[in-house]
Amino acid sequence: MKYISELNRLGWQPFFLQQLSLEDYEYYQPARVIGHDRSRYVIFDGNFSTSLPILTSFPRMTVGDWILIDSDYQYVRLLDRKSLFSRRAAGTKLDRQLIAANVDTLFIVSSLNHDFNLSRIERYLVLAREAEVEPVVVLTKADLTTSIEDYLCRLRKLDPHLRVVSVNALSEESCLTLKSDCCKGSTVALLGSSGVGKSTIINTLLQSDKQPTESIREDDSKGRHTTTSRSVHFIPDGGVIIDTPGMRELKITDCSNGIESTFTDIETLSRGCRFSDCTHTSELGCEVLKAIDKGILDVRRLANYQKLKQEEKRNSMALHELRAKEKNFKKMVNAVTRKSRR
């Protein structure tokens, strides 16, 4: 097995080391998933990258996953994840899509133009807190506004302890504030809409032009999809950074803890409501509505909280029902197969 110091630049940590047995040390080698498409996973062990065909016997994996491979670079097993980002698949498809695994810090990137949207930022915060990953809101294109403090004030109302960083994505000096999160052994992922500057930030941190970039549309500040798939990059003197395409749809599922952690103010207020099943719409004795009347709570925030709660419940139930149907179908197939053999 390679020396641990060599694996650190791939994001290797004691959490993964503790999962290895003496046999693993002797015969196998850790490798990280750095890309995949419909037919293969791309893995990297620090010196050599190769691809593995996706087999039905494999567990579902995504970029950032750690696996063990043998001397022939064949898959042995998937290591337990430290964290995982996922969403319900875009469109009408009923499935869970894995986004990235084993992330330590999430950069929620938003530009200070038409893209800035508190409700979308809250949605990303739900993902981060469900995965127990530290979120950092990164504001780009500060040259497009003269009221940065107004944006910062609005973000502080979401969470006074939320880390917010304003950067010029093209300036290495400006991006130095982000380097502390990109130290050796750590993994950072970027989420945000197209055109907010995710690829530019990565290029600046890498001191290269590996990620293609394009200008945004001037009429509505919307970006074009320059990043079309998730990619993993290794900072020369630091850790790992994962770029993701801009997501038009980010349907949350199985994120009840993330919602509670993101909306602690509403959760706390609701415990004082007269009715335990209060919907915070018109009930008497609703502490949440009282907070709105007093100007303590924003109507937009309550509306987004209710929207995310309903969406999470709907998507989670749909996926759980699908899994139950698939499980029952497999049982039926196995029973028929056993009967035919007899």
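- Donor-acceptor pairing under 3.5 Å is lacking for the side chains of Glu260 and Ser256.
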(request) Test Asp37 against Ser39 for side-chain hydrogen bond (donor to acceptor under 3.5 Å, both in side chains), laying out the working first. (result) CA-CA 6 Å; Asp37 53 32; Ser39 62; 3.3 Å; yes

(request) Could you walk me through whether Phe85 and Leu250 pass the side chain to side chain contact (heavy atoms under 4.5 Å, CB included) test, one step at a time? (result) CA-CA 11 Å; Phe85 291 123; Leu250 186 61; over 6 Å; no

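- Among residues at least two apart or in separate chains, side chain to side chain donor-acceptor pair (under 3.5 Å) pairs with a member in residues 125-137 are Arg129-Asp159, Glu134-Arg163.
- Distance SG/Cys183 to CD1/Ile235: 9.5 Å, rounded to 0.5 Å.
- One finds no salt bridge joining Arg123 and Glu312 here, because no Lys/Arg side-chain nitrogen approaches an Asp/Glu carboxylate oxygen to under 4.0 Å.
- By the 4.5 Å heavy-atom criterion applied to side chains, Lys198 and Val196 are counted as neighbours.
- Pairing each heavy atom of Val232 with each of Ile242, the nearest pair is CG2-CG1, 4.1 Å.
- By the rule that hydrophobic residues join a cluster once side-chain heavy atoms approach within less than 4.5 Å of another member, Leu176 and Leu178 end up as members of separate clusters.
- Counting heavy atoms of neighbouring residues, nucleotides and ligands inside a 6.0 Å radius, atom NZ of Lys179 exceeds 12 of them.
- For CG of Leu22, the number of neighbouring non-hydrogen atoms (other residues, nucleotides, ligands) closer than 6.0 Å is 12 at most.
- Gln13 places no side-chain N or O within 3.5 Å of a backbone atom of Asn102 that could act as its donor or acceptor partner.
- With rounding to the nearest 0.5 Å, the separation of CD1 in Ile99 from OG in Ser86 is 6.5 Å.
- Counting heavy atoms from C-beta on, the side chains of Leu112 and Thr140 never come closer than 4.5 Å.
- Side-chain heavy atoms closer than 4.5 Å link hydrophobic residues (I, L, V, M, F, W, Y) into clusters, and following such links, possibly through other members, connects Val164 to Leu158.
- Residue Ala131 comes nearest to Ser83 through the heavy atom pair O-CB, 3.5 Å, listed as atom of the first residue, atom of the second, then distance.
- A donor-acceptor contact shorter than 3.5 Å links the side chain of Asn113 to the backbone of Asp115.
- A side-chain donor-acceptor contact under 3.5 Å links Tyr75 to the backbone of Leu78.
- You'll find the side chain of Ile54 reaches within 4.5 Å of the side chain of Tyr41, heavy atoms only.
- Across His36, Arg81, Arg60, a single residue satisfies side chain to side chain donor-acceptor pair (under 3.5 Å) together with Asp65, and that is Arg81.
- The only option from Leu125, Ile108, Val136 that meets the side chain to side chain contact (heavy atoms under 4.5 Å, CB included) definition with Leu162 turns out to be Leu125.
- In this structure, the separation between CG on Asn8 and CG on Leu10 is 8.5 Å, given to the nearest 0.5 Å.
- Between Asp24 and Arg77 there is a salt bridge, since at least one side-chain N of the basic residue sits less than 4.0 Å from a carboxylate O of the acidic one.
- The distance from the CG atom of Leu152 to the CG atom of Asp150 is 9.0 Å, given to the nearest 0.5 Å.
- Members clustered with Leu302: Val126, Ile252, Ile259, Phe263, Ile266, Leu269, Val288, Leu289, Ile292, Leu297, Val299, Tyr305, Leu308, by chain and number, using a 4.5 Å side-chain heavy-atom cutoff among hydrophobic residues.
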(message) For Asp265 and Arg301: C-alpha separation, side-chain torsions, deciding distance, then whether salt bridge (charged side-chain N to carboxylate O under 4.0 Å, His left out) applies.
(response) CA-CA 10 Å; Asp265 51 347; Arg301 183 163 168 81; 2.9 Å; yes

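- The heavy-atom pair separating Thr264 from Ser261 by the smallest distance is CG2-O, 3.3 Å.
- Between Gly11 and Phe16, the shortest heavy-atom contact is O-CE1, 3.9 Å.
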(request) Go through Thr253 and Arg87 one step at a time and tell me if the side-chain hydrogen bond (donor to acceptor under 3.5 Å, both in side chains) criterion holds. (result) CA-CA 6 Å; Thr253 182; Arg87 65 170 178 173; over 6 Å; no

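- Residues Tyr151 and Val137 are not in side-chain contact: their nearest non-hydrogen atoms beyond the backbone lie 4.5 Å or more apart.
- Linking ILVMFWY residues whenever their side-chain heavy atoms come closer than 4.5 Å, directly or via other members, leaves Leu170 and Phe107 in distinct clusters.
- A 4.5 Å side-chain heavy-atom check between Glu311 and Asn315 finds at least one atom pair inside the cut-off.
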(message) Let's go through Asp70 and Gln29 carefully: what are the C-alpha distance in whole Å and the side-chain angles of both, what is the deciding distance for side chain to side chain contact (heavy atoms under 4.5 Å, CB included) to 0.1 Å, and is it a yes or a no?
(response) CA-CA 6 Å; Asp70 61 21; Gln29 170 66 40; over 6 Å; no

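- One finds no salt bridge joining Arg32 and Asp45 here, because no Lys/Arg side-chain nitrogen approaches an Asp/Glu carboxylate oxygen to under 4.0 Å.
- Counting heavy atoms from C-beta on, the side chains of Val103 and Lys82 never come closer than 4.5 Å.
- Ile69 approaches Tyr73 most closely through the heavy-atom pair CD1-CD2, 3.6 Å.
- Proximity of Leu205 to Ile241: side-chain heavy atoms (C-beta onward) are separated by under 4.5 Å at one or more points.
- The OG atom of Ser270 sits 11.5 Å away from the CG atom of Asp277 when rounded to the nearest 0.5 Å.
- More than 12 heavy atoms of other residues, nucleotides or ligands lie within 6.0 Å of CZ in Phe15, so this atom counts as buried by the packing criterion.
- In this structure, Ile296 stands alone, with no Ile, Leu, Val, Met, Phe, Trp or Tyr side-chain heavy atom under 4.5 Å from its own, directly or through other members.
- Other residues sharing the hydrophobic cluster of Leu84, ordered by chain and number and joined by side-chain separations under 4.5 Å: Leu98.
- Between Trp66 and Trp12, the angle of the ring planes goes over 60°, which puts this pair in the perpendicular group of the 30/60° scheme.
- Here CG of Leu106 is found 4.5 Å from CG of Leu191. Values are rounded to the nearest 0.5 Å.
- Counting only residues at least two apart or on different chains, the side chain to side chain donor-acceptor pair (under 3.5 Å) pairs with a member in residues 165-174 are Glu172-Gln207.
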(message) Evaluate Val33 against Val42 for side chain to side chain contact (heavy atoms under 4.5 Å, CB included), listing each step before the verdict.
(response) CA-CA 6 Å; Val33 178; Val42 180; over 6 Å; no

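- Taking both residues in full, the closest heavy atoms of Leu7 and Pro30 are given as CD1-CG, 3.9 Å, listed atom of the first, atom of the second, then distance.
- A salt bridge links Glu287 to Lys290: one of the charged nitrogens lies within less than 4.0 Å of a carboxylate oxygen.
- Under the rule for a side-chain hydrogen bond (donor to acceptor under 3.5 Å, both in side chains), Thr262 has no partner lying at least two apart in sequence or in another chain.
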(request) Before giving the answer on side chain to side chain contact (heavy atoms under 4.5 Å, CB included), spell out for Asn117 and Ser110 the whole-Å C-alpha distance, their side-chain angles and the decisive distance to 0.1 Å. (result) CA-CA 8 Å; Asn117 186 301; Ser110 173; over 6 Å; no

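- In this structure, His280 and Cys273 have side chains that are in contact, with non-hydrogen atoms separated by less than 4.5 Å.
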(request) Output, in order, the C-alpha distance, side-chain angles, deciding distance and verdict of side-chain hydrogen bond (donor to acceptor under 3.5 Å, both in side chains) for Ser186 and Asp104. (result) CA-CA 6 Å; Ser186 66; Asp104 300 296; 5.2 Å; no

